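Just so it is clear, the values below take in all heavy atoms, side chains as well, and ignore hydrogens, waters and symmetry mates. Here the structure is a predicted model, which means the values were calculated and not measured.
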Amino acid sequence: MDKFLYGSGHLTCSTALAIAKGLVRGVISSDVRDKIDQSASYVSKIVGRGEVVYGINTGFGPLCTTRIDAGQTQLLQENILKSHAVGVGEPISDDLAKLMLILKIHALSKGFSGVQYNTIERMIWHVENDIIPIVPKQGSVGASGDLAPLSHLFLPLIGLGKVRVKGNVVHTAAILEKYGMAPIQLGAKEGLALINGTQFMAAHGVIGVIELYRMLQNADIIASLMIEGLNGSIKPFFSELHELRPHKGNRYVAASIFHMLHGSAILESHKHCSRVQDPYSLRCIPQVHGASRSAWFHLKDTIEIEINAVTDNPVIINDELTISGGSFHGQSIALPLDYATLAASEIGNISDRRVYLSLEGQTNAVPKLLMKSTGLNSGFMILQYSTAALASENKGLCFPASADSIPTSLGQEDHVSMGSVSGRKLLQVIDNVDKILSIELLCAAQAKDYHQPLTSTAALEAIHESIRQSIPHIESDQPMEELLTEALKLVKSGDLIALHAQYAAGDIAAELKQQFELF
């Protein structure tokens, strides 16, 4: 199994997810352990000198001026976990909670947080044994870190809270007893180091990067299929056009779709037709999908800076210098998360327009409502109602959470990022867009059927054949629920993306991946 070095390696979104899925093992080298031990020793020296340092021997937030006796250090650190574990709502997924653990391990292993090695070691034990803390999804304002969710995440370290083991939710105390393990005895600053940080927001960002990438890849593939079905033109995807307005995302989308369409007999069949130009939902795919792709590039870069950063407070530089700053404030990632939410929503908007376009009956050989016998049959008409509803729902979710700030902590924390809400909204919008794309997939495949016996490129023919293995051509009204479920499975699975990469002429998928610095 491949290994990742916590504290010294460069963590990427894909590597973090691979660790969470058990495909890569995260380990701590002897050099990193030395840094962790040294940082903990700095805290011990500060306590020994009696120097007043926030979070080590003071209260928290507005209680930062309240001095705490050295003998009460452990109770202080345990109390912060207990008092801050006030999250509400349904639990986040195990993948997200596990990612939070992985991101926190990596951040604490940098050696600037003053935690004990055995605390980090226990966190690694949770990851490797799939003993995942239960973390409610609501309650963080994304400023002093994700205080509430991180408190729930780390209650198990002191024997409290609940964990999920093999699908069952159990009390931590029972699990520790089963394994013959004792709760961790937290040292000075440790409780604060555990809950100050952006790992809830950042974990949503990691999943957002992975899922948005998959969604964007699917959007380009499905749009290519729709271009064929509606006799669209390949010219808007020529590189000569995009070199004159060279936005990175636009160039990527144009190149990808050009290579999917180039050589199609369907496109060649109407090369000299009287249509001057296509509607925007076809012609402007590079510009619209491309802008969302550029937002993805920005999100990926920002999240990967964040997950390799130290985000707790105070930061222990050495035994003479501790800095109480604002590295836990989520604004740096809240704004890109909101931007990515809008970018995802726009893919749903233009996909809905292509669905509508496919129903109009303005394309040669493609019947109105995508069915030859209509009147008695409604055809695909009502599918667009669903895409319209989903697109509208997404618009309501696009108000940026980071535009709001409600002061907390008796005014000590008087500006907050609300990035936790940004992250949750991003994943919700992506899920909605997946559903819109699955409906476009149904419509595009149906439209393409009417051009037979003309064929497309090898990649699109293979993709169309794959769709038809589970979703038949439809010539009369029938319940659509099972077909929608199958289409959504194709979109969520990534199978179409893998198929496209397999058939892409001249290894264009690999070239694009390298040229545009994807995963």
Side-chain angles (χ1 to χ4, degrees), residues 1-48 56 73-74 77 98-133 150 153-154 156-158 176 179-199 202-203 206 304-323 327:
M1 183 184 293
D2 289 339
K3 292 182 179 180
F4 173 78
L5 296 176
Y6 286 126
S8 59
H10 180 75
L11 188 61
T12 65
C13 293
S14 54
T15 300
L17 192 62
I19 297 171
K21 291 186 178 297
L23 303 174
V24 172
R25 186 181 179 207
V27 298
I28 291 179
S29 69
S30 58
D31 288 346
V32 167
R33 178 167 183 175
D34 289 344
K35 288 183 66 176
I36 293 168
D37 290 339
Q38 185 179 53
S39 183
S41 74
Y42 292 155
V43 173
S44 297
K45 289 179 182 178
I46 292 168
V47 172
I56 294 179
T73 295
Q74 180 182 337
Q77 300 304 320
K98 201 170 183 182
L99 276 171
M100 288 176 69
L101 282 168
I102 291 163
L103 301 186
K104 196 66 175 182
I105 292 166
H106 187 47
L108 296 179
S109 297
K110 298 282 184 179
F112 294 95
S113 299
V115 300
Q116 304 171 91
Y117 174 74
N118 66 319
T119 301
I120 298 175
E121 188 177 40
R122 177 65 61 84
M123 293 160 62
I124 294 173
W125 177 82
H126 276 275
V127 170
E128 293 188 341
N129 290 278
D130 275 323
I131 297 173
I132 309 303
L150 283 168
L153 188 74
F154 293 122
L157 294 183
I158 59 173
L176 293 183
Y179 282 89
M181 300 170 72
I184 294 290
Q185 303 296 307
L186 295 179
K189 190 187 177 292
E190 283 200 283
L192 186 62
L194 290 170
I195 72 169
N196 269 186
T198 60
Q199 283 75 35
V206 168
E304 290 190 347
I305 289 172
E306 190 75 4
I307 64 177
N308 287 283
V310 176
T311 60
D312 66 303
N313 179 67
V315 172
I316 312 298
I317 305 300
N318 53 51
D319 62 338
E320 299 292 337
L321 179 61
T322 64
I323 302 175
S327 294

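- Here the side chains of I28 and S109 are in contact, with some heavy-atom distance below 4.5 Å.
- For the atom pair CG (L176) and CD1 (I158), the distance works out to 11.0 Å, reported to the nearest 0.5 Å.
- Side-chain contact between I19 and K98: absent, with no pair of heavy atoms (C-beta onward) separated by less than 4.5 Å.
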Walk me through it: do K3 and V24 pass the test side chain to side chain contact (heavy atoms under 4.5 Å, CB included)? CA-CA 5 Å; K3 292 182 179 180; V24 172; 5.7 Å; no
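- Within the 4.5 Å cutoff, the side chain of Q199 has heavy atoms near those of the L150 side chain.
- A distance of 8.5 Å separates CD in E320 from CD1 in I46, rounded to the nearest 0.5 Å.
- Of the N and O atoms on the side chains of T311 and E306, not one donor lies less than 3.5 Å from an acceptor on the other residue.
- Residues T198 and S327 form no side-chain contact, since every pair of their non-hydrogen atoms from C-beta on lies 4.5 Å or further apart.
- In this structure, CG in L192 is found 11.5 Å from CG in L186, a value given to the nearest 0.5 Å.
- With hydrogens and angles ignored, the 3.5 Å screen pairs no side-chain donor or acceptor of N118 with any backbone N or O of E121.
- Scanning all heavy atoms of the two residues, the minimum distance from G114 to S39 falls at N-OG, 2.8 Å.
- Put simply, CE on M123 and NZ on K104 are 7.5 Å apart, with the number rounded to the nearest 0.5 Å.
- Listed here is the closest heavy atom pair of V47 and A188: CG2-CB, 3.8 Å.
- A heavy-atom distance below 4.5 Å is found between the side chains of V43 and I316.
- Under the side chain to side chain contact (heavy atoms under 4.5 Å, CB included) criterion, V310 pairs with K110, F112, S113, D312, V315, not counting sequence neighbours.
- Note: Y6 and H106 have tilted aromatic rings, judged against thresholds of 30 and 60 degrees for the angle between ring planes.
- L99 approaches A16 most closely through the heavy-atom pair CD2-O, 3.5 Å.
- Distance CG/L108 to CD/Q116: 12.0 Å, rounded to 0.5 Å.
- One finds no salt bridge joining D31 and K35 here, because no Lys/Arg side-chain nitrogen approaches an Asp/Glu carboxylate oxygen to under 4.0 Å.
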Under the side chain to side chain contact (heavy atoms under 4.5 Å, CB included) rule, what do F4 and V27 come out as? Steps first, then yes or no, please. CA-CA 6 Å; F4 173 78; V27 298; over 6 Å; no
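- Contact of the T15 side chain with the D2 side chain is not registered, since no non-hydrogen atoms from C-beta on lie closer than 4.5 Å.
- Here K189 contributes atom NZ and Y42 contributes atom OH; the two are 14.0 Å apart, rounded to the nearest 0.5 Å.
- Across all non-hydrogen atoms, the minimal contact from A203 to L103 is N-CD1, 3.6 Å.
- A donor-acceptor contact shorter than 3.5 Å is absent between the side chain of D319 and the backbone of K45.
- Contact of the I120 side chain with the I36 side chain is registered, since non-hydrogen atoms from C-beta on lie closer than 4.5 Å.
- Under the 3.5 Å distance criterion, with hydrogens and angles disregarded, no donor-acceptor pair is assigned to the side chains of E304 and T12.
- A donor-acceptor distance shorter than 3.5 angstrom exists from the side chain of E190 to the backbone of G187, with no hydrogens or angles considered.
- For Q185, the side chain to side chain contact (heavy atoms under 4.5 Å, CB included) partners two or more places apart in sequence, or in a different chain, are Q74.
- Minimum interatomic distance between F154 and L101 (heavy atoms only, all atoms of both residues): CE2-CD2, 3.7 Å.
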